[in-house]
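Here is the structure we will look at, set down as structure tokens.
Residue numbers start from 1 in every chain, and the chains themselves are labelled A, B, ... in the order their sequence lines are given, proteins ahead of strands.
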2 protein chains.
Amino acid sequence: MFSKACEYGIRAAIYIGQQSASGRRVGLKDIAAEIDSPEAFTAKILQQLVRAQLLTSVKGPAGGFELTPEQLRTVTLRQLVVAIDGGAMLQGCALGLPQCSAQQPCPMHYQFLPIRDQLNELLRTHTIGELASKVQEGLGFLKQFG
Amino acid sequence: MFSKACEYGIRAAIYIGQQSASGRRVGLKDIAAEIDSPEAFTAKILQQLVRAQLLTSVKGPAGGFELTPEQLRTVTLRQLVVAIDGGAMLQGCALGLPQCSAQQPCPMHYQFLPIRDQLNELLRTHTIGELASKVQEGLGFLKQFG
DNA sequence: TACATACCGGACAATTTTATCCTTTAATTT
DNA sequence: AAATTAAAGGATAAAATTGTCCGGTATGTA
């Protein structure tokens, strides 16, 4: 569905959000350990997200990554996905036609449309803060335990 | 959504199906031209599909690819996708957790489930023959014209 | 049998994605 | 100011995906 980079990015953002909600700033090493991702690769993805202003970073001692209250409240899953994977997967034709539309639809165009719409809606309506809360409450996990 | 290989494979299968429904066997060159795909790469994918017995090939002069009436009727989009991309995308966790389930769900688990179910259902309930008919009737396209 | 056709299969090449390493930059502490 | 901490950024490497090439094999035709 999403690229590895996107999966790591989303999990990282949620973990950072969870800690930010408790007033804790977190470092790369901590993040990678908590979401079970390769550290250096995760760093690259977080850089992207910081540049896209979807999360915030602070250098130096006691530095790390965090989400501002506003970011927690407003940054959606969709913004993360677009920042990392681009919009292609959320818009492009399932069969790969470069200009699939009602004018010249692929044979699955109208069947895929509602599913893609639902996916877009799903991503658009879930904020990092909301998902972070779910993890905080033990109702969701960012890596496998046990 | 799907890999390039999968996109080409589906488009090719539908085109072969369309021609088979009219009693025509088609060659690789024809296929690649009609679905706008790289010829040699398409050949590899078709080989896979022949091995998986989702379509049929005949060597030699007047040879080529075809779908038997039974294949037209019974082979589903889902079988193509599984043969080419494997089942991961149809089952795996959206956030990449290796064992995401009700026991330890990712924060999006229950939200993604219905969408994935719909996608599976969609792929499962559409046969190549059905999609080929749609193309035959001019209601669907396998490449961009004009 | 000889020949032409067209898929098959293996090797290889290019590109993209995933991943690592190391130096630089910024910020805090001593 | 010096030392320490941690992210930023660049270069590089490994792996997967996408794509090409070419000889081999099966099949039909003359």
- Closest listed nucleotide, where the reference is the side chain of Arg51(A) and the choices are dT25(C), dG9(D), dT20(D): dG9(D)
- Query: Rounded to the Å, how far apart are Leu55(B) CG and dC8(C) C1'?
  - Reply: 14 Å
- Task: Quickly work out the Ile45(A) CD1 to dT20(C) P distance and round it to whole Å.
- Result: 11 Å
- Task: Look at the side chain of Pro61(A) and decide which nucleotide, out of dT27(D), dT28(C), dT18(D), has an atom nearest to it.
- Result: dT28(C)
- Among dC21(D), dT18(C), dT25(C), which is the nearest nucleotide to the side chain of Lys59(A)? dT25(C)
- Task: Answer with yes or no whether Gln47(B) presents, from its side chain, a donor or acceptor under 3.5 Å of a partner atom in the base of dG9(C).
- Result: yes
- Query: Which of these nucleotides, dG10(D), dT25(C), dC7(C), is closest to any side-chain atom of Ser57(B)?
  - Reply: dC7(C)
- Item | Whether Gln104(B) side chain and Phe145(A) backbone form a donor-acceptor pair below 3.5 Å | yes
- Whole angstrom is fine here: how far is it from CD in Glu39(A) over to P in dA8(D)? 13 Å
- Query: Lys44(A) side chain: which of dG9(C), dA26(C), dG10(D) is closest?
  - Reply: dG10(D)
- May I have the distance from Gln48(B) (atom CD) to dG9(C) (atom P), rounded to whole angstrom? 12 Å
- Query: Roughly, in whole Å, what's the span from CD1 in Ile84(B) to C1' in dG19(D)?
  - Reply: 15 Å
- Message: So Lys29(B), base contact, sugar-phosphate only, or nothing? Heavy-atom distance under 4.0 Å.
- Response: nothing
- For the side chain of Ser101(B) and the backbone of Gln103(B), is there at least one donor-acceptor N/O pair under 3.5 Å apart? yes
- Message: From C-beta outward on Leu28(B), which listed nucleotide comes closest to its side chain: dT18(C), dT20(C), dC7(C)?
- Response: dC7(C)
- Item | Whichever of Ala62(A) and Ala5(A) has its nearest DNA chain C nucleotide further upstream toward 5' | Ala5(A)
- Query: Picking from dA19(C), dA26(D), dT20(D), which would you name as closest to the side chain of Lys4(A)?
  - Reply: dA19(C)
- Query: Counting heavy atoms not belonging to Gln53(A), are there more than 12 under 6.0 Å from its CD?
  - Reply: no
- Item | Leu49(A) CG - dA8(D) C1' separation (whole Å) | 14 Å
- Message: Tell me whether the side-chain N/O atoms of Tyr8(A) come closer than 4.0 Å to OP1 or OP2 in dA19(C).
- Response: yes
- Using a heavy-atom cut-off of under 4.0 Å over every strand shown, decide if Leu46(B) touches base, sugar-phosphate, or nothing. nothing
- Which part of the nucleic acid, if any, lies within reach of Arg25(B) when heavy atoms closer than 4.0 Å are counted: base, sugar-phosphate only, or nothing? nothing
- Ile128(B) side chain reached by Gln71(B) side chain, heavy atoms, under 4.5 Å: no
- Item | Separation of atom CZ in Phe41(B) from atom C1' in dC22(D), rounded to whole Å | 18 Å
- Item | Pairs satisfying salt bridge (Lys or Arg N to Asp or Glu O under 4.0 Å), at least one member in residues 29-48 of chain B, at least two apart | none
